[in-house]
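Written out below as structure tokens is the structure these notes cover.
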Amino acid sequence: MPIVSVRHLVADDIDDAYVLVRLGYADLSQADWRSMALHRIEADPATGGILTARDRTGRLRGLLLYAIAPKFAGRPSLQIDRLISFDLLDPTAVADALIAEVLRVAEIRDCDSLSLVRPMDTPPDTAALVLASGATVLHRVF
């Protein structure tokens, strides 16, 4: 079922979103989710938000938690904290809709880079990922 609506989370949808949140944060209690989501909703939208994706029947299919973070130099960076997508057949379509919207938001906020939050229990190829990310500047004399 195609996603027809991607928008920012509103207070009335916090409890409905908890089922999806548990898919991405298995240990997060409902009280902690409510507190975190309400804090994010009430914060300055220029610093980030929580996007929701719904199908045409209104069912919640995805969440994307993001921040707009200042950098040491240059314009702000879009930071994707977590993307949670659910669909019986194609969760990628849900994810694509959320990513398209957060990139639109990043353009409005004048972001010039993207960072992804990754758990610290990283796989052995983490160094290779960092080196390939474009965030690394290596210099040598010879």
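Residue numbers run from 1 in the order of the sequence given. What you are looking at is a predicted structure, and each value in this text was computed from that prediction instead of being measured.
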- line: Shortest non-hydrogen pair, P76 vs R109, comes out as CG-O, 3.8 Å
- request: State plainly whether the residues R104 and E107 are in salt-bridge range, i.e. N to O under 4.0 Å.
  value: no
- request: Report yes if some heavy atom in the side chain of R7 is under 4.5 Å from a heavy atom in the side chain of T52; otherwise report no.
  value: yes
task: Kindly determine whether D87 and R59 satisfy salt bridge (charged side-chain N to carboxylate O under 4.0 Å, His left out), including the steps that lead there.
output: CA-CA 10 Å; D87 189 79; R59 289 188 187 99; over 6 Å; no
- prompt: Going through the checks in order, is the side-chain contact (heavy atoms from CB on, under 4.5 Å) test met by V19 and F86?
  reply: CA-CA 11 Å; V19 172; F86 173 80; over 6 Å; no
query: Do V117 and L65 belong to the same hydrophobic cluster, where Ile, Leu, Val, Met, Phe, Trp and Tyr are linked whenever their side-chain heavy atoms lie under 4.5 Å apart, directly or via other members?
result: no
query: Are any of the side-chain nitrogens in R22 or D27 under 4.0 Å away from the carboxylate oxygens of its partner?
result: no
query: Short question: side chain of R75, backbone of D110 - any donor-acceptor pair under 3.5 Å?
result: yes
field: Salt-bridge criterion met for D81 and R40 (N-O under 4.0 Å)
entry: no
Would you give me the side-chain donor-acceptor pairs under 3.5 Å for residues 90-98, sequence neighbours excluded?
| residue | atom | partner | partner atom | Å |
| --- | --- | --- | --- | --- |
| D90 | OD1 | T92 | N | 3.2 |

task: Run the numbers on S77 and S115 for side-chain contact (heavy atoms from CB on, under 4.5 Å), then give the verdict.
output: CA-CA 7 Å; S77 178; S115 63; 3.9 Å; yes
message: Are V10 and H8 packed together at the side-chain level, in the sense that at least one heavy-atom pair is separated by less than 4.5 angstrom?
response: no
query: What pair of heavy atoms forms the shortest contact from G62 to L20, and how long is it?
result: N-CD1, 3.4 Å
field: Point-to-point distance, once rounded to the nearest 0.5 Å, from OH of Y66 to CG of L83
entry: 13.0 Å
- request: Specify the closest pair of heavy atoms between Q79 and A69, including all atoms of both residues, with the distance to one decimal.
  value: OE1-CB, 4.5 Å
- line: For A11 and L38 the tightest heavy-atom approach is CB-CD1, 4.4 Å
- request: Output, in order, the C-alpha distance, side-chain angles, deciding distance and verdict of side-chain contact (heavy atoms from CB on, under 4.5 Å) for L9 and I41.
  value: CA-CA 7 Å; L9 182 71; I41 289 169; 4.1 Å; yes
- prompt: Should R61 and S85 be marked as a side-chain contact (heavy atoms from CB on, under 4.5 Å) after you check the CA-CA gap, both sets of side-chain angles, and the distance that decides it?
  reply: CA-CA 6 Å; R61 296 293 185 194; S85 173; over 6 Å; no
field: Check: D13 side chain, D16 main-chain N or O, donor-acceptor pair, under 3.5 Å
entry: no
field: Cation-pi check, R34 onto Y18 ring (under 6.0 Å, within 45° of axis)
entry: no
field: W33 side chain vs A17 backbone, donor-acceptor pair below 3.5 Å
entry: no
- request: Determine, using the 4.5 Å side-chain heavy-atom cutoff (strictly less than), whether L63 and L28 are members of one ILVMFWY cluster.
  value: yes
- prompt: How about D32 and S35: does a side-chain donor come under 3.5 Å of a side-chain acceptor?
  reply: no
query: Do L103 and I108 belong together in a cluster built from hydrophobic side chains that touch within less than 4.5 Å?
result: no
message: Can a donor-acceptor pair be found, under 3.5 Å and without considering hydrogens, that links the side chain of T47 to the backbone of I68?
response: no
